[in-house]
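A short write-up of the structure that comes next.
The figures here come from the full heavy-atom set of this structure, side chains too, leaving out hydrogens, waters and symmetry mates.
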Amino acid sequence: MDKKLKVGILGATGMVGQRFAILLENHPWFEVTTLAASSSSAGKTYEEACGSRWKMDVPMPEKLKNIVLKNVSNVAEVSAEVDFVFSAVNMTKDEIKAIEEEYAKAETPVVSNNSAHRWTPDVPMIIPEINPQHAEIIPFQKKRLGTERGFIAVKPNCSIQSYTPCIAAWKEFVPTKAVVTTYQAISGAGKTFRDWPEMEHNIIPYIGGEEEKSEMEPLKIFGHIENGVIVRGESPVITSQCIRVPVLNGHTAAAFISFEGKPTKEELIDRLRNFSGEPQRLALPSSPKHFIQYLEDDNRPQVALDVDYERGMGVSIGRLREDKIFDWKFVGLSHNTVRGAAGGAVECAELLTAYEYIKAK
């Protein structure tokens, strides 16, 4: 790419916004030129606005420290300075839907980490290795919005990243049903142990809205485009529980799955290890070389050892074994704020840039 695209981060002071800032620091295609947040942060430098609330384990990028934050609600002002934006705003769902659509109508593509538009029928919800073809819905969305270049694309929930890639890798065996329990890190709630000391030595057996997302979002990913909307798939039928655990980063899933076909363990492991997609074919900057690793040791994957696999963009699977009720069971692990949040959105933006949906203004 001859010239980097100019990028804005909406909601730059939050945990996911901060992760965007870190991941984009030396990006070969994208350059952060604009940061936006709430009215209470607008007018402050990024360093002043974050202050002691900087939650990353690496320092704030030097070149972002003195950028003066804009008010995220000043859509025209922000849009005038960027080619596209990443959205990680902290608002109500209705407010997020409205402001992301406002940016799109201002001819500024939005790649969102938020859930507000995940079920808008003509908004693609993309894991680039699994359903890149859903980008083909964008012209239908543009027609509805009345835009030439503005649109919204979203990434799915972080809780599904540790098992949905397996289902995709095993598609030829026709997965029919699955039971999944996710053990989710506190950073998924935008927290650290400093913010949430009551999570130390504790487990909370409920995370609002997560179970519905865990059960339904994979079906949209496995859906197809028909008459200008994405029609969700019908299988596998998924039921889930989502539990908050005292881990900073890394969502673990314990999954049970049945198939219409009867794959062997060797076949299942082979499909995991050899699974790749468009990001690997296109050599996108953020794509992992190997999307899924299978670990033979019975005590893997572990958060402490495996959460940063492929810079946090890979998925780690282990303990694949036969089950007495379902066909097979396994344990999965993914980095919830990298693959599951900002990193997944960056890879999605790279895909849309490679497909020329995102271009310089």
Side-chain angles (χ1 to χ4, degrees), residues 1 5 7-8 20 23-24 27 29-30 82-88 97 100-101 103-157 160-161 164-165 167-169 171 216-233 275-288 291 313 339-361:
M1 184 171 292
L5 297 176
V7 179
F20 274 123
L23 293 176
L24 294 168
H27 197 280
W29 294 4
F30 308 145
V82 299
D83 296 312
F84 76 99
V85 295
F86 289 108
S87 176
K97 288 182 77 170
E100 289 183 349
E101 191 160 302
Y103 273 93
K105 288 181 176 178
E107 299 293 0
T108 302
V110 178
V111 180
S112 179
N113 182 72
N114 296 301
S115 65
H117 274 290
R118 288 182 190 156
W119 288 102
T120 302
D122 58 9
V123 170
M125 180 170 65
I126 296 174
I127 297 178
E129 284 85 354
I130 298 175
N131 63 328
Q133 72 278 8
H134 282 192
E136 296 170 10
I137 198 72
I138 290 172
F140 294 97
Q141 184 193 148
K142 287 180 179 178
K143 184 176 180 180
R144 173 177 64 84
L145 296 174
T147 60
E148 293 184 4
R149 68 186 307 278
F151 64 88
I152 303 163
V154 299
K155 52 148 292 298
N157 196 51
I160 76 169
Q161 308 287 333
T164 302
I167 297 173
K171 186 177 180 180
M216 301 307 297
E217 288 188 13
L219 298 181
K220 183 172 182 179
I221 289 167
F222 297 137
H224 65 279
I225 297 172
E226 184 177 318
N227 298 322
V229 300
I230 298 172
V231 179
R232 73 185 185 201
F275 186 75
S276 65
E278 281 288 271
Q280 289 71 42
R281 185 185 73 81
L282 295 168
L284 299 180
S286 296
S287 67
F291 182 33
M313 288 296 289
R339 165 56 70 172
V346 171
E347 189 187 52
C348 180
E350 292 167 356
L351 178 78
L352 297 173
T353 300
Y355 284 175
E356 298 188 343
Y357 289 107
I358 296 176
K359 301 178 182 179
K361 287 184 177 177

To the nearest 0.5 Å, atom NZ of Lys142 lies from atom CD of Glu148 at 9.0 Å
Please say which of Lys361, Glu100, Arg149 ends up in a side-chain hydrogen bond (donor to acceptor under 3.5 Å, both in side chains) with Thr108.
Lys361
Determine the minimum heavy-atom distance between Glu107 and Gly146, stating which atoms define it.
OE2-O, 4.4 Å
Donor-acceptor pair, side chain of Lys220 and main chain of Arg118, under 3.5 angstrom
yes
Does some side-chain heavy atom of Val7 sit less than 4.5 Å from a side-chain heavy atom of Phe20?
no
Taking the six-membered ring for Trp, are Phe275 and Phe291 parallel (under 30°), tilted (30 to 60°) or perpendicular (over 60°)?
tilted
Report the distance from atom CD1 of Ile126 to atom NZ of Lys155, rounding to the nearest 0.5 Å.
12.0 Å
For the residue pair Asn157 and Ser115, establish whether any side-chain heavy-atom pair is separated by less than 4.5 Å.
no
On a heavy-atom basis, the closest approach of Ile358 and Pro109 is CG1-CB, 4.2 Å
Rounded to the nearest 0.5 Å, what separates atom CG in Asp122 from atom CD1 in Ile152?
8.5 Å
Rounded distance (nearest 0.5 Å) linking atom CZ of Phe222 with atom NE2 of His134
10.0 Å
Interatomic distance, OG@Ser286 vs CZ@Phe30, rounded to 0.5 Å, equals 7.5 Å
With side-chain contact (heavy atoms from CB on, under 4.5 Å) as the test, would you mind laying out the steps for Leu352 and Phe84 before giving the verdict?
CA-CA 11 Å; Leu352 297 173; Phe84 76 99; over 6 Å; no
Scanning both residues in full, the closest heavy-atom pair of Ala104 with Thr147 reads O-CG2, 3.4 Å
Over all atoms of both residues, closest heavy-atom pair of Thr120 and Arg144
CG2-NH2, 3.9 Å
Would you check if Lys359 and Asp83 make a side-chain contact, meaning some heavy-atom pair closer than 4.5 Å?
no
When rounded to the nearest 0.5 angstrom, what distance separates OH in Tyr355 from CG in Leu282?
6.0 Å
For Trp29 and His27, take the angle between the two ring planes, folded into 0 to 90°, and tell me which bin it lands in: parallel under 30, tilted 30 to 60, perpendicular over 60.
perpendicular
Measure across Glu347 and Pro288 and return the closest heavy-atom pair with its distance rounded to 0.1 Å.
OE2-CD, 3.7 Å
Arg281 and Glu278 ion-paired at < 4.0 Å:
yes
Can you name the closest pair of heavy atoms from Pro165 and Ile130 and give their distance?
CA-CD1, 3.8 Å
side-chain contact (heavy atoms from CB on, under 4.5 Å) between Ser287 and Glu350: does it pass, once the steps are laid out?
CA-CA 9 Å; Ser287 67; Glu350 292 167 356; 5.6 Å; no
Decide, yes or no, whether a salt bridge links Glu101 with Lys105 under the criterion of side-chain N to carboxylate O below 4.0 Å.
yes
